[in-house]
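Naming: A, B, ... by sequence-line order, numbering from 1 per chain. All values reported here derive from a predicted model rather than from experimental measurement.
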4 protein chains.
Amino acid sequence: MNTSDQGTGGTPAPKRKDARRNQRTLLEAAAAAFVDAGVEAPVRDIAARAGVGMGTIYRHFPTRADLIIAVYRHQVDACAEAGPALLASSPTPYAALEEWIGLFTDFLVTKHGLAAVLQPDHPQFETLHASFLDRLVPVCDQLLDAAADHGEIRPGYAGIELMRGVGNLCIGAGTDPRYDARRMVALLVAGLRRPAGNSAPAGR
Amino acid sequence: MNTSDQGTGGTPAPKRKDARRNQRTLLEAAAAAFVDAGVEAPVRDIAARAGVGMGTIYRHFPTRADLIIAVYRHQVDACAEAGPALLASSPTPYAALEEWIGLFTDFLVTKHGLAAVLQPDHPQFETLHASFLDRLVPVCDQLLDAAADHGEIRPGYAGIELMRGVGNLCIGAGTDPRYDARRMVALLVAGLRRPAGNSAPAGR
Amino acid sequence: MNTSDQGTGGTPAPKRKDARRNQRTLLEAAAAAFVDAGVEAPVRDIAARAGVGMGTIYRHFPTRADLIIAVYRHQVDACAEAGPALLASSPTPYAALEEWIGLFTDFLVTKHGLAAVLQPDHPQFETLHASFLDRLVPVCDQLLDAAADHGEIRPGYAGIELMRGVGNLCIGAGTDPRYDARRMVALLVAGLRRPAGNSAPAGR
Amino acid sequence: MNTSDQGTGGTPAPKRKDARRNQRTLLEAAAAAFVDAGVEAPVRDIAARAGVGMGTIYRHFPTRADLIIAVYRHQVDACAEAGPALLASSPTPYAALEEWIGLFTDFLVTKHGLAAVLQPDHPQFETLHASFLDRLVPVCDQLLDAAADHGEIRPGYAGIELMRGVGNLCIGAGTDPRYDARRMVALLVAGLRRPAGNSAPAGR
DNA sequence: GATGAATGAGGGTTCATTCAT
DNA sequence: GATGAATGAACCCTCATTCAT
């Protein structure tokens with residue numbers, strides 16, 4: 001596994017040292033701007049925070065999706081890697097699933113505005129959508145399968161839908177004190193549990 | 001008691017026949033525009049669809065919130081009224097809850113873009129938020145209470161959070177065939193069920 | 001002198017009694033609106049104050065100039081009529097002039113925004129300009145001539161320019177406590193006085 | 001000490017050569033537009049005249065007040081600087097005052113539409129008002145004081161009111177051949193003269 | 001490479017004026 | 001005649017994106 005940033009896709013790391021430093025500055029500035037103004041923060045603002053010109057941003061990240069992906073890259077990676085680890089260390093697969101979904105939820109909830117990005121509204125965001133989910137969905141699938149095999153949850157649920165569901169539940173988290181995204185996510189995951197006896201959720 | 005639009009409040013029906021017809025046209029155009037472009041669809045576009053000038057929209061609906069509320073008014077009313085009816089006709093309160101949430105979900109899923117509106121991001125949307133939720137939350141509370149009293153679900157969940165959760169799950173429904181909002185909503189509602197024995201969802 | 005409003009021009013008085021009442025209401029509403037928002041007050045506002053439709057205003061006063069003229073008609077008339085009276089009753093023609101200019105100034109200063117109307121900026125306002133000045137300029141000329149004949153002021157100043165000057169000095173009166181239009185008008189009129197010996201104002 | 005525009009404050013000169021040229025073009029276009037359409041000339045028109053996009057105007061002059069100030073900056077400065085010079089070179093302070101007011105009048109008369117700006121109507125124009133008057137009023141005060149000390153004029157008149165008065169007299173100059181603003185200004189200044197014997201202007 | 005100036009589409013809002021009812 | 005609904009031109013302002021320096 002080489003160190004150059006080629007894994008799942010994304011912008012290749014630039015050669016020159018100063019350019020690399022520049023890119024890091026940029027990502028930090030973007031992350032900060034995203035926190036304050038959402039992932040749709042004006043390019044000019046991000047550039048200003050980073051102390052660079054707007055052109056520099058466009059050079060490094062031709063589309064906004066590229067920038068967003070890069071900003072959250074590391075955290076997505078960390079989350080992906082946590083999956084197998086949790087499966088190995090948790091008492092049961094379901095517990096691992098709960099834990100892992102919790103990690104993902106924390107990630108989304110903390111990063112204000114990110115969740116909204118997983119919406120396939122804007123055409124440009126397909127890239128983005130794919131980039132995030134391609135990395136995490138297999139992990140989620142693995143956890144779901146393990147829990148299902150273990151008889152803890154009803155089978156037939158795909159990682160992709162669970163991820164999208166959790167993502168959606170996290171939209172707007174933190175803006176309304178009466179809405180606690182984590183509680184709702186917990187409810188969703190609880191819904192997966194094999195019911196005591198009857199009354200399986202229909203799903204239509 | 002005349003049939004004109006006096007129910008719960010909102011924009012009073014205009015006097016003149018043509019204006020009334022116009023208002024209806026407007027609402028239909030807006031609904032269509034919302035489906036295609038979300039509730040932030042440009043005023044100009046909505047006016048063009050309706051074949052009227054922009055001023056006409058501003059006359060009938062001074063703020064965007066007024067328009068949105070008016071567009072969904074009837075459906076929200078219908079949904080609110082369905083609650084008690086279902087409670088009376090269903091075998092158990094939980095069944096009524098399931099059914100009712102299904103209605104709400106259908107409403108949101110069909111009206112693409114509406115769900116995004118329940119986000120308390122934009123200040124203007126407080127009005128809107130209130131208008132929708134004030135009407136439906138009490139109904140949901142009633143159903144939740146009944147089901148809890150009946151021992152079918154765990155107590156302690158508020159209508160507001162469930163509504164928000166369901167609303168969120170419906171965001172972007174229909175844009176991705178792999179994501180079925182109704183399935184996820186069903187899962188969420190299933191999560192409310194009193195667990196057979198152990199392992200209550202934590203909720204943090 | 002007959003009572004029907006035909007003197008200097010303007011809208012002929014309508015025949016029916018209710019229409020005449022309507023017109024009075026309109027003028028009062030317009031006057032009030034002009035005080036609050038200047039002579040450019042939105043037609044809709046004036047109509048609303050008068051409790052009539054906008055169409056009614058357009059019927060009675062096809063152009064804004066017509067309305068403005070009508071609103072100030074009586075006061076302009078009164079001012080015009082005061083000229084000869086003052087000339088007859090004042091100790092000297094100059095005193096009459098001072099007094100009369102004072103009346104005119106009071107009229108303009110009180111009627112916020114009117115002064116700005118005497119500006120020949122907007123083409124439409126020629127009508128207006130003429131209407132006001134045609135009535136008052138001869139009076140002013142008469143007073144100037146009398147004072148000049150009496151040796152109290154330097155000859156060669158026309159009523160039209162003095163009126164315009166006074167009108168201009170009244171623009172914006174009342175918006176800035178440091179600017180007292182009446183003081184400046186008094187200065188202007190004082191400037192007309194035949195100088196003791198030397199240094200006649202050049203005028204370039 | 002470089003020549004770039006750092007004097008009294010205002011918009012800093014941009015770094016790039018093309019931007020600087022652009023700014024000049026803009027100022028000329030704005031000046032021309034102001035002459036034709038007043039200081040409220042549409043941003044689009046000014047931009048079109050200058051052959052630039054509207055954004056360019058907003059970049060250089062974020063508010064309309066900034067633009068207006070910049071347009072008249074140099075001339076206001078020149079006028080301000082002329083005051084002390086005239087005082088030094090003129091035979092008497094009153095002569096200097098006459099001369100200086102003449103300069104100010106020429107400035108206003110030539111720049112049709114500027115005078116209207118000194119009206120404190122629109123809130124935004126406070127900035128503007130201040131910017132112009134803060135520069136010139138002290139000069140005028142100095143001249144008034146000198147003339148008063150010299151016994152040439154009656155004391156008690158403030159620069160601010162004289163400036164406003166002159167400004168007002170210049171409104172609409174050049175649109176009506178029968179109105180010569182310079183003549184009226186001369187009259188106003190003549191009114192300041194200590195009267196031969198009696199009859200001081202009242203001022204109310 | 002980096003910069004940030006310039007562009008201009010895009011969206012909101014107001015209000016004089018016309019004209020169906 | 002009176003009404004007030006509808007029209008749409010005219011403005012304002014923002015910001016993604018390009019490209020000269």
Side-chain angles (χ1 to χ4, degrees), chain A residues 14-16 18-19 22-23 26 37 40-48 50-60 62-64 124, chain B residues 14-23 25-26 37 40-48 50-60 62-64 124, chain C residues 14-16 18-19 22-23 26 37 40-48 50-60 62-64 124, chain D residues 14-23 25-26 37 40-48 50-60 62-64 124:
Chain A
K15 305 288 149 40
R16 276 167 43 184
D18 62 334
N22 219 325
Q23 203 174 56
L26 224 46
E40 301 276 31
V43 178
R44 214 188 300 286
D45 292 0
I46 301 172
V52 304
M54 294 171 307
T56 306
I57 293 188
Y58 280 98
R59 165 169 304 274
H60 288 299
T63 76
R64 183 171 288 266
Q124 164 172 71
Chain B
K15 307 272 162 47
R16 268 165 54 176
K17 204 187 308 171
D18 60 336
R20 216 155 48 232
R21 179 166 31 76
N22 227 321
Q23 199 175 61
T25 313
L26 222 47
E40 300 278 30
V43 178
R44 266 185 189 73
D45 293 359
I46 300 173
V52 304
M54 293 171 313
T56 305
I57 294 188
Y58 282 101
R59 162 178 296 275
H60 288 294
T63 74
R64 184 171 289 268
Q124 164 172 66
Chain C
K15 305 289 149 42
R16 276 167 44 185
D18 62 333
N22 219 325
Q23 203 175 56
L26 222 47
E40 301 277 31
V43 177
R44 213 188 302 284
D45 292 1
I46 301 172
V52 303
M54 294 171 308
T56 306
I57 294 188
Y58 279 98
R59 165 170 305 275
H60 289 298
T63 77
R64 182 172 290 264
Q124 164 172 71
Chain D
K15 308 272 162 48
R16 270 164 55 175
K17 203 187 308 171
D18 59 337
R20 216 155 48 232
R21 180 165 29 77
N22 226 319
Q23 200 175 58
T25 313
L26 223 46
E40 300 277 32
V43 177
R44 261 189 191 71
D45 292 359
I46 301 173
V52 303
M54 293 172 313
T56 305
I57 294 189
Y58 282 101
R59 163 178 294 276
H60 289 294
T63 75
R64 184 171 289 269
Q124 163 173 69

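Closest to the side chain of C:R59, from the set F:dC12, F:dA2, E:dA16, is F:dA2. For A:H60, the side-chain atoms get nearest to E:dA2 when compared with the rest of E:dG12, F:dA6, E:dA2.
Where pairing requires Watson-Crick or G-U contacts shorter than 3.5 Å, the helical stems of DNA chain F with at least three consecutive pairs are E:2-21 with F:2-21.
Atom pair B:R20:CZ and F:dG4:C1' shows a separation of 15 Å (rounding to whole Å applied). Here the P atom of nucleotide E:dT13 and the CD atom of B:E40 are 11 Å apart, to the nearest Å. Look at CD on A:Q23: it is 10 Å from P on E:dA2, rounded to the nearest Å. To the nearest angstrom, C1' of F:dA5 lies 12 Å from CG of B:L26. Note: CG (D:D18) to C1' (F:dT18) measures 14 Å, nearest angstrom.
Atom CE of A:M54 is separated from atom CG of A:D45 by 11.0 Å, given to the nearest 0.5 angstrom. B:Q23 CD to B:T25 OG1: the interatomic distance, rounded to the nearest 0.5 Å, is 9.5 Å.
Across all their heavy atoms, B:H60 and B:A19 have their closest contact at CE1-O, 3.9 Å. Shown here for D:L26 and D:I57, the closest heavy-atom pair between the two residues is CD1-CG1, 3.8 Å.
Both A:Y58 and C:G51 lie close to DNA chain F; mapped to their nearest nucleotides by heavy-atom distance, the more 5′-ward contact belongs to C:G51. DNA chain E is contacted by both C:A41 and D:I57; D:I57 maps to the nucleotide lying nearer its 5′ end (nearest heavy atom per residue).
OP1 or OP2 of E:dG12 lies within a sub-4.0 Å distance of a side-chain N or O belonging to B:R64. Contact annotation: B:N22 side-chain N/O to F:dA5 OP1/OP2 distance is not under 4.0 Å.
Legend: residues meeting salt bridge (Lys or Arg N to Asp or Glu O under 4.0 Å) with D:D18, ordered by chain and number and at least two apart, are D:R16.
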Please write out each protein N/O paired with an N/O of nucleotides 8-10 of chain F under 3.5 Å, distance rounded to 0.1 Å.
{"residue": "F:dA10", "atom": "N6", "partner": "B:R44", "partner atom": "NH2", "Å": "3.4"}

